[in-house]
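Below is one structure, written out as structure tokens, with a few remarks after it.
Both counts, for ligands and for their atoms, begin at 1 and track the order of listing.
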Amino acid sequence: MDKQKYISEINRLRKEKNAIIMAHFYQTADIQDIADVVGDSLALAQKAAKTDADIIVLCGVHFMGETAKILSPDKKVLIPDLDAGCSLADSCPADEFEKFVKAHPDHTVVSYVNTSAAVKALTDIVVTSTNAKKIVDQLPENEKIIFGPDRNLGGYINSVTGRNMLLWDGACHVHEQFSVEKLSKLKQENPDAEILAHPECKSTILKMADYVGSTQGILDYSTKSDKNKFLVVTESGIIHQMEKNNPEKTFIPVPPEVEEGSCTACNECIFMRKNTLEKLYLCLRDETPEILIDDELQKKAVRPIVRMLEMS
Ligand code: 13P
Ligand code: SF4
């Protein structure tokens with residue numbers, strides 16, 4: 001089938017089945033363009049909690065599909081490719097995290113949404129990069145806090161809140177790779193450009209940034225800014241919406257620290273990019289692969305997510 005045929009079939013099927021298609025900003029442009037909702041992790045969770053569709057097709061990674069299913073257990077939640085994982089979520093196995101939590105029984109457990117349902121079940125409050133500061137700021141000043149799994153986001157939140165959260169030592173393979181040297185060179189070549197970075201980047205990158213924020217934050221900042229050029233230090237999929245919202249502005253993706261020629265697009269998340277228009281069509285047609293979560297796990301994992309939605 002050609003692209004146009006996939007698009008018309010997806011449109012027919014979503015109407016027939018009362019399905020909603022949600023896409024993260026790191027999806028390919030064709031998936032973002034066909035989605036009913038395009039957003040960051042927080043927006044996708046908020047929409048999943050409220051939708052009256054019968055089927056949610058989550059074009060993103062596995063933990064995003066799980067979050068939608070945990071919030072809407074009676075809906076059918078589909079994901080175009082079940083192998084779309086997340087290196088950050090994988091850096092925090094639930095059994096090891098449980099030992100860490102048990103070793104610090106007087107700590108409140110704050111977890112980034114980029115975690116498995118099993119890790120969420122061990123958590124007191126889930127956060128996303130959009131609301132992490134706001135939520136941590138609401139906790140009593142002397143509260144002892146564990147933050148997992150992203151050491152970069154956790155370190156950044158410590159620096160902007162003045163907290164001393166105990167950090168799990170995890171990271172994202174895409175955001176860890178951005179090169180200070182290449183960013184400095186790009187800044188020298190484009191002195192009028194502003195640097196926009198996601199808080200999953202290393203602190204050496206974040207210190208150079210004019211703005212640090214979630215994908216939605218980066219998008220909003222680039223629209224409001226009176227500057228016309230931006231160096232974008234996150235997964236390059238976000239540039240599609242930036243260009244759509246600001247056709248007159250220039251967005252330059254920052255390259256990662258890799259040997260010349262060894263990697264064509266390391267600022268693309270291999271997991272996010274597993275989803276394709278064809279797989280989206282097939283999953284809507286066949287209603288598989290489906291995200292399924294055991295009832296008991298859902299009951300434990302929903303509490304910290306609901307708490308996040310209330311505190312956002
Ligand atoms: P956002 O919530 O900022 O969209 O981040 C999700 C993510 O996976 C970043 O790598
Ligand atoms: Fe996970 Fe990193 Fe991909 Fe985001 S970019 S989904 S944190 S692997």
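- Residue contacts with ligand 1 leave out Thr128, since none of its heavy atoms falls under 4.0 Å from the ligand.
- Below 3.5 Å of separation, one finds no N or O of Ser214 facing any N or O of ligand 1.
- A donor-acceptor pair is defined here as one N or O able to donate and one able to accept, closer than 3.5 Å; such a pair exists between the side chain of Asp294 and the backbone of Glu296.
- Annotation: side chain of Phe100 is in contact with side chain of Leu166 (closest heavy-atom distance under 4.5 Å).
- Listed by chain and residue number, the protein N/O/S atoms under 2.8 Å of atom 1 (Fe) of ligand 2 are Cys86 SG, with waters left out.
- Residue Gln216 has no N or O atom closer than 3.5 Å to an N or O atom of ligand 1.
- At the top of the distance list for atom 6 (C) of ligand 1, counting protein heavy atoms only, stands Ser41 OG, 3.4 Å.
- Within the 4.0 Å heavy-atom shell around ligand 1 one does not find Cys172.
- In terms of N/O distances under 3.5 Å, ligand 1 is approached by Thr215.
- Under 4.0 angstrom from ligand 1, the non-hydrogen atoms of Tyr26 all belong to its side chain.
- A 6.0 Å sphere centred on CZ of Arg303 holds no more than 12 heavy atoms belonging to other residues, nucleotides or ligands.
- Sorted by first and then second residue, the salt bridge (Lys or Arg N to Asp or Glu O under 4.0 Å) pairs involving residues 104-125 (not counting sequence neighbours) are Asp106-Lys144.
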